[in-house]
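Have a look at the structure below before the remarks.
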There are 2 protein chains.
Amino acid sequence: MTVDGRLVRGERTRTAVLDQALRLATVNGLDGLSLSQVADALGVSKSGLFAHWRSKQALQLAVIEHARAQWTDEVIKPALRSPRGVRRLWALHDRRLAFYEARVLPGGCFFANANFEFNARPGVIRDRLGVQLDDWMAFLTRLATEAVENGDLRRVDPGPLAFLVESLGVCAVMQAPVLGHDVTFRHARRALLDHLRAVTTDPSILAELS
Amino acid sequence: MTVDGRLVRGERTRTAVLDQALRLATVNGLDGLSLSQVADALGVSKSGLFAHWRSKQALQLAVIEHARAQWTDEVIKPALRSPRGVRRLWALHDRRLAFYEARVLPGGCFFANANFEFNARPGVIRDRLGVQLDDWMAFLTRLATEAVENGDLRRVDPGPLAFLVESLGVCAVMQAPVLGHDVTFRHARRALLDHLRAVTTDPSILAELS
DNA sequence: CTACAAAACGACCGACCGTTCGTAAATATT
DNA sequence: AATATTTACGAACGGTCGGTCGTTTTGTAG
């Protein structure tokens with residue numbers, strides 16, 4: 001929020017806190033997020049954080065929202081510029097991998113980490129992550145359905161196909177730091193390409209893809 | 001370890017501790033594992049744990065080994081009873097899913113959870129998990145290679161295929177608690193079956209599979 | 001310049017953590 | 001039965017955590 005062109009004092013720190021908190025939460029876990037560490041890393045006092053968020057959980061939820069907005073801007077929107085159909089589905093997969101290749105920032109995917117972390121821990125956080133995952137899978141399924149309706153695919157259920165795309169993306173960001181970015185991302189791209197080639201009606205559509 | 005047919009006193013508690021610790025670590029995270037909680041859940045004193053493991057990290061490493069042994073007995077060995085080739089590759093996928101369907105125990109897959117948790121946290125734990133993952137992928141790749149050498153598959157790189165199998169398994173145990181076991185496992189099975197059908201030379205091999 | 005409101009601060013609290021240590025109980029040995 | 005040795009125990013320590021509160025600093029308006 002801006003007033004007269006200048007940043008309100010608290011607003012600048014607000015986004016700075018969310019950036020730092022997202023970074024730390026991605027590395028140490030959303031639950032392992034330490035308010036003390038966030039404050040120290042920014043050179044502000046820990047108690048000052050409670051002026052913006054009433055509790056740690058409130059900050060955690062804000063971090064989730066922050067990550068969601070970032071994901072929308074940097075992955076979903078660019079992918080939607082590709083032509084609808086199989087190529088758009090591939091574009092999303094490619095953008096996702098590129099998103100993690102670009103930033104050498106450690107910690108992998110915040111959402112994947114958080115989902116695994118809260119897999120068996122019911123509560124507000126778990127519910128919020130569940131809604132995000134539901135929306136994301138619905139979006140992927142819609143893309144797969146569009147590809148089928150376009151006549152690009154044959155004999156394919158959109159659900160399992162969306163699940164396959166998601167699986168390759170999730171597993172890639174998990175294995176990349178351990179087994180090496182090069183081989184992991186190559187496998188993730190190659191596996192989906194092989195699959196699409198096998199189920200696409202007109203393979204020439206895929207010729208331009210790497 | 002047994003002496004004269006009777007359990008040494010400490011040994012019974014040792015495996016009980018590892019079972020409980022594995023359960024808690026799967027839910028709360030390997031780093032979120034609390035020695036106090038382990039001791040309380042078993043009705044033993046916290047300080048007594050240090051007689052068996054010199055530190056929390058030592059117990060964490062023992063838990064990893066415990067999980068590995070369990071995984072070998074309940075997933076790998078049964079799958080190896082299937083005939084070599086595509087059917088054995090499918091059997092492993094199926095056994096893995098059945099392993100998590102059978103135990104309604106919450107927390108998903110310990111190894112997946114731990115890998116994501118320590119993705120960006122170098123150290124002894126990270127190294128140990130990395131070796132496990134490396135071995136596991138090598139095993140999967142060997143199964144895929146066998147399927148190719150058997151003549152079951154066409155135009156397929158074993159590496160990406162192994163990566164695909166692993167991806168579907170990992171993602172299934174991540175989504176199952178959130179989106180429901182039924183739809184998630186169905187998608188995980190269907191996606192691999194579709195893929196195998198598309199790349200198998202003799203589809204009749206897959207007829208018997210669900 | 002003064003006065004007011006918002007925001008950041010530092011000190012502090014209770015809770016939980018991993019770890020250590022002296023002691024008591026349980027087992028093994030003579 | 002008495003001794004020696006292993007094993008588990010409870011209390012306590014230092015440290016970090018999330019959260020609270022009174023004070024001081026900062027920015028704004030009259």
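Each chain gets a letter, A, B and so on, in the order the sequences are listed, and its residues count up from 1. Worth knowing before you read on, the calculation uses all heavy atoms, side chains too, and leaves out hydrogens, waters and symmetry mates.
Within the structure, a side-chain polar atom (N or O) of A:S36 is placed less than 4.0 Å from OP1 or OP2 of D:dC17. A close approach under 4.0 Å does not occur between any side-chain nitrogen or oxygen of B:Q57 and OP1 or OP2 of C:dG18. In terms of phosphate contacts, A:Q37 brings a side-chain nitrogen or oxygen within less than 4.0 Å of OP1 or OP2 of D:dC17. For B:S34 and C:dG18, the shortest distance from a side-chain N or O to OP1 or OP2 is below 4.0 Å. Checking the phosphate oxygens (OP1, OP2) of D:dA8, a side-chain nitrogen or oxygen of B:H52 falls inside 4.0 Å.
If you check D:dA8, C:dT19, D:dT20 against the side chain of A:F50, the one that comes closest is D:dT20.
For D:dG10, the base has a donor-acceptor partner in the side chain of B:S47 [N/O atoms by modelled type, under 3.5 angstrom].
Counting to the nearest Å, the P atom of D:dC17 and the CG atom of A:L59 are 14 Å from each other. Rounded to a whole Å, the CG atom of B:L49 is 15 Å from the P atom of D:dT7. Distance CD (B:Q60) to P (C:dC17): 14 Å, rounded to an integer number of Å. In this entry the distance linking CG of B:D40 with P of C:dC16 reads 11 Å, nearest Å. A straight line from CG of A:L35 to P of D:dG18 spans 4 Å, rounded to a whole angstrom. Protein atom NZ of A:K46 is 12 Å distant from nucleotide atom P of C:dA11, rounded to whole Å. Across the protein-nucleic acid pair, B:L24 atom CG and C:dC17 atom P stand 11 Å apart, rounded to whole Å. Rounding to whole angstrom units, CZ of residue B:R14 and C1' of D:dT7 are separated by 15 Å.
Contact check on A:R23 versus A:D19 returns no salt bridge, with no Lys/Arg side-chain nitrogen under 4.0 Å from an Asp/Glu carboxylate oxygen. Using a cutoff of 4.0 Å between basic side-chain nitrogens and carboxylate oxygens, B:E101 and B:R189 are scored as salt-bridged.
Residue A:L33 is classed as a sugar-phosphate contact, given heavy-atom separations below 4.0 Å to backbone atoms only. At a threshold of 4.0 angstrom between heavy atoms, the contacts of B:G32 with the nucleic acid are absent.
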Considering only distance and modelled atom types, tabulate donor-acceptor pairs under 3.5 Å from the side chains of residues 116-128 of chain A, sequence neighbours left out.
| unit_1 | atom_1 | unit_2 | atom_2 | d |
| --- | --- | --- | --- | --- |
| A:E117 | OE1 | A:L30 | N | 2.8 |
| A:E117 | OE2 | A:L30 | N | 3.4 |
| A:E117 | OE2 | A:D31 | N | 2.8 |
| A:N119 | ND2 | B:V173 | O | 3.4 |
| A:R121 | NH2 | A:D31 | OD2 | 2.9 |
| A:R126 | NH1 | A:F118 | O | 3.0 |
| A:R126 | NH2 | A:N115 | OD1 | 3.2 |

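Atom CH2 of residue A:W71 and atom CH2 of residue A:W136 lie 5.0 Å apart, to the nearest 0.5 angstrom. A distance of 7.5 Å separates CE of B:M137 from NE2 of A:H187, quoted to the nearest 0.5 Å.
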